Number of protein chains: 2
Amino acid sequence: MGQTSTRDRIVIAASRLLQRQGYVGTGIKQIAKEAQATLGSVYHFFPDGKEAVAVAAIKYSDQEFAAILREALNSEQDPGAAVEACARQLADSLRESGWIDGCPVTAAALETLGTDSEIQQVCAAALRSWEGLMYDKLLRSGFRTEDARDLATTIISTLEGAEVSAQVKRSEEPLEAAGRQLARLVGSYEVVPSVAE
Amino acid sequence: MGQTSTRDRIVIAASRLLQRQGYVGTGIKQIAKEAQATLGSVYHFFPDGKEAVAVAAIKYSDQEFAAILREALNSEQDPGAAVEACARQLADSLRESGWIDGCPVTAAALETLGTDSEIQQVCAAALRSWEGLMYDKLLRSGFRTEDARDLATTIISTLEGAEVSAQVKRSEEPLEAAGRQLARLVGSYEVVPSVAE
DNA sequence: CTTCAGATAGAGCGTTCGTTTTAGCCCTTG
DNA sequence: CAAGGGCTAAAACGAACGCTCTATCTGAAG
């Protein structure tokens, strides 16, 4: 047995597979195989079945991506440069993965929209948590609350959409363009100097 | 028989189902049922099977969405206002559909990224055709070609991402915020007056 | 009327899906 | 040593999947 528990291996494997193949396209047996666990183990830790595994996996992806986002945002003091760093980071890891490891929740979210499953709720929570990180960064940079709210929502939307475009086109260009334009947009706001940063 | 051919009904039904459930989540038999056709008919018109149906359906969705986009872009002379009109149009039809009829290609594209199917190619072509419409609008408004290219890519990405956010959150707010911020971004450019418009 | 390709119809193929079930293993505790 | 709970293992269920097959229907040309 490795140092990661069987349950953790299941969650991590599921999060990767959901990211790449979506909810419908990912099978329970495939998750078990990828996690080097057996079907019995999966149903032991998640008696409620596939949807419960997916919910845990998406929550994990949420936190994992939030850490990456936080680091990119903290790498630059200027908010515009920080947003551009986020786009750069997304482009790098996307290219390195062969254009397959995109946003961890988009695929799963879109497939389960019609259904009233818990999945879309955790996906919405993930989006909100990422927007919250961006919102805080803007507030710390002296933005007014209304501006920060609108901007944070739009920045996350744009990064989301640019990542999808980059995946489909197999090119970093959409993310680079998004980074440039978002930096310009952020820079177009008058900001009151703050002692906080 | 109605006035639309069996083949057309299959393509239209497939495009709707792909939009709502993605590629993996949509079955051939479901397409046939929705199109009021039989399985035999589907395989008669598309001997290559499910993927061929999906390719035809996505191409149809591409043109259908391009028409909507063109109309929204032409409804306003000012490019910023035109982009905002696009966001407004997307928000309206999304709400009316109960947040299920989003971008017609995103779901299918994300699911088939790993595979080397023809689907992601037609999805990429759709994205490019929509960017082209936006690019032309910006050029006609006097934008420099480099600015127009970057902007068009980013605008389509943002609308794409904002639509996904709106679907997941079941709220028009992401699209409204995107419309406002995109209008601001477009307006931040110096534009040379043109006699063309 | 006959002919024959285009179009429709649906049973059934093998496979995989999510899930359930039953059995057995390991390892700590009494 | 015995006991029992946490965990693993694998067989098997019904349902649905994409697809193939054969059979029938339709309608215009000869």
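Every value quoted in this text rests on a predicted model; they were computed, and no experiment measured them. Each chain gets a letter, A, B and so on, in the order the sequences are listed, and its residues count up from 1.
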May I have the distance from [X] (atom [atom1]) to [N] (atom [atom2]), rounded to whole angstrom?
{"X": "B/Gln30", "N": "D/dC19", "atom1": "CD", "atom2": "P", "result": "15 Å"}
{"X": "A/Lys29", "N": "D/dA11", "atom1": "NZ", "atom2": "C1'", "result": "10 Å"}
{"X": "A/Leu17", "N": "C/dG18", "atom1": "CG", "atom2": "P", "result": "12 Å"}
{"X": "A/Lys33", "N": "C/dT16", "atom1": "NZ", "atom2": "P", "result": "11 Å"}
{"X": "B/Ile31", "N": "D/dC17", "atom1": "CD1", "atom2": "C1'", "result": "12 Å"}
{"X": "A/Gln21", "N": "C/dC17", "atom1": "CD", "atom2": "C1'", "result": "14 Å"}
{"X": "A/Ile10", "N": "D/dA9", "atom1": "CD1", "atom2": "P", "result": "11 Å"}

Main-chain N/O of B/Gly102 paired with B/Gln19 side-chain donor or acceptor, under 3.5 Å: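 Between the backbone of B/Gly102 and the side chain of B/Gln19 there is a qualifying donor-acceptor contact (under 3.5 Å).
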Main-chain N/O of A/Gly114 paired to B/Arg20 side chain as donor or acceptor, under 3.5 Å: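 No; judged by distance alone, with no hydrogens or angles, the pair does not exist.
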Any donor-acceptor N or O pair under 3.5 Å, side chains B/Ser157, B/Thr154: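 Their side chains do not contain a donor-acceptor pair, so the 3.5 Å distance test is not met.
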Check: B/Gln21/B/Gln30 side-chain N/O donor and acceptor closer than 3.5 Å: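 Yes.
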Nucleic acid contacts - residues 37-56 of chain A versus DNA chain C, non-hydrogen atoms under 4.0 Å: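 Of all residues in residues 37-56 of chain A, the ones placing a heavy atom under 4.0 Å from DNA chain C are A/Leu39, A/Tyr43, A/Gly49, A/Lys50.
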B/Lys50 to B/Tyr23, cation-pi by 6.0 Å centre distance and 45° axis angle: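 Judged by the rule (NZ or CZ under 6.0 Å from the ring centre, within 45° of its axis), B/Lys50 counts as positioned above B/Tyr23.
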Close side-chain approach of B/Ile156 and B/Tyr135, heavy atoms under 4.5 Å: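 When only atoms from C-beta onward are counted, B/Tyr135 and B/Ile156 do not touch, as no gap falls below 4.5 Å.
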